[in-house]
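Worksheet: the structure to be examined is printed underneath.
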Amino acid sequence: QEQAALSEGQLDGALYQLRALMSEFYREMRPCVAGEQTQLSESDKADFAKSFDRMVRLMDHLDFLRDAQSSETELALRDVDLERFCSRVATECEGLLGEMGVRVEYTGLPETILVRGDESRLRDALTELISNCARRRSGGGVICLRLTRRGGRALLCVTDDGAPATSRQRLGMTARGAVPLIPMPDLGAGLGLSVAEKIVWLHGGTLLFSAGEGAPRVYLSLPLTKGKGGIPLHTPQPERNAGRSPYVIALSDVLPSSVIREDWRE
């Protein structure tokens with residue numbers, strides 16, 4: 001049977017999201033294009049920045065899943081200090097999400113643990129999990145990251161201090177890209193968890209989901225390495241984001257448009 005990079009549900013979700021974003025572009029740009037005004041209002045400038053970044057994020061997801069399906073994904077593997085990596089991602093995300101009243105708390109280990117991985121791809125996977133929690137806590141709350149070690153594997157738990165998972169959130173963990181009959185305003189394309197799963201799988205790891213008592217918990221498990229030493233050499237990768245913050249783009253679905261516009265100015 002022919003294999004596809006996207007399931008039918010995911011393709012539906014991506015097409016729905018693309019049409020929604022094109023509608024946003026039209027609303028934001030129409031006054032200037034139609035000649036009704038000579039420049040965009042401040043609110044339209046911020047809204048356009050957010051819509052554009054959401055489009056970039058969606059294109060990145062589609063690109064990655066296509067390449068992964070055709071085995072064309074190249075990982076820039078190196079020894080990654082997971083303790084330092086998780087701390088940096090948590091700090092960067094809290095600096096952005098703090099604008100909407102969301103804190104990111106990280107609990108690490110007093111030791112250095114190494115995994116063999118592509119740091120930028122692992123960042124993409126982790127920010128997807130953080131973004132999902134931020135969507136649940138958009139009115140303010142705490143996202144918790146906790147790193148532990150289990151035998152020869154590192155285990156990172158990502159959760160929040162919100163209510164137990166709704167039936168819709170449970171569906172999102174098990175049925176990727178399932179678009180409800182009545183789309184919701186905050187509906188995404190349904191590709192984020194699939195991207196995170198595939199990235200972790202390419203690193204020899206797994207994602208585990210728990211939606212029992214309390215808030216949903218996602219466990220990211222990666223095999224540890226002892227390190228190979230030496231100085232790694234890597235082929236330069238193409239810059240997809242024009243030098244802009246990958247964290248802003250990764251969190252563009254949940255960040256206020258005013259925060260995203262500030263990244264454009266910088």
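Only a predicted model underlies this, so the values are computations on that prediction, with no experimental measurement involved.
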- Does any non-hydrogen side-chain atom of D47 lie less than 4.5 Å from one of R27? yes
- Message: For a 4.5 angstrom cut-off between non-hydrogen side-chain atoms, does V158 reach C133?
- Response: yes
- Message: Out of the candidates L251, V248, L255, only one should pair with D53 under the side-chain contact (heavy atoms from CB on, under 4.5 Å) rule; please name it.
- Response: V248
- Message: For a 4.5 angstrom cut-off between non-hydrogen side-chain atoms, does Q10 reach L191?
- Response: yes
- Item | Cationic N near anionic O, under 4.0 Å, K45 to E28 | no
- Query: If you look at every heavy atom in I130 and C93, which pair is closest and at what distance?
  - Reply: CD1-SG, 3.8 Å
- Message: Counting only heavy atoms from other residues, nucleotides and ligands, does the tally under 6.0 Å from CZ of R88 exceed 12?
- Response: yes
- Task: Before giving the answer on salt bridge (charged side-chain N to carboxylate O under 4.0 Å, His left out), spell out for K226 and D79 the whole-Å C-alpha distance, their side-chain angles and the decisive distance to 0.1 Å.
- Result: CA-CA 9 Å; K226 294 182 179 179; D79 292 339; over 6 Å; no
- Message: Under the rule for side-chain hydrogen bond (donor to acceptor under 3.5 Å, both in side chains), what residues qualify as partners of R149, not counting sequence neighbours?
- Response: E111
- Note on the structure: Nearest heavy-atom approach of D118 to H203 is N-NE2, 2.9 Å
- Task: Start with the C-alpha gap between L129 and L207, add the side-chain angles, then the distance that decides, and say whether side-chain contact (heavy atoms from CB on, under 4.5 Å) holds.
- Result: CA-CA 10 Å; L129 303 182; L207 277 186; 4.3 Å; yes
- Parallel, tilted or perpendicular: ring planes of F48 versus W264, cut at 30 and 60 degrees: perpendicular
- Here the salt bridge (charged side-chain N to carboxylate O under 4.0 Å, His left out) pairs for residues 32-41, sequence neighbours left out, are R30-E36
- Query: Any donor and acceptor pair, going by atom type alone, linking the side chain of E83 with main-chain N or O of L109 inside 3.5 Å?
  - Reply: yes
- Apply side-chain hydrogen bond (donor to acceptor under 3.5 Å, both in side chains) to R153 and S221, showing your working. CA-CA 6 Å; R153 301 184 76 85; S221 173; 2.7 Å; yes
- Any salt bridge between E128 and R123, counting N to O under 4.0 Å? no
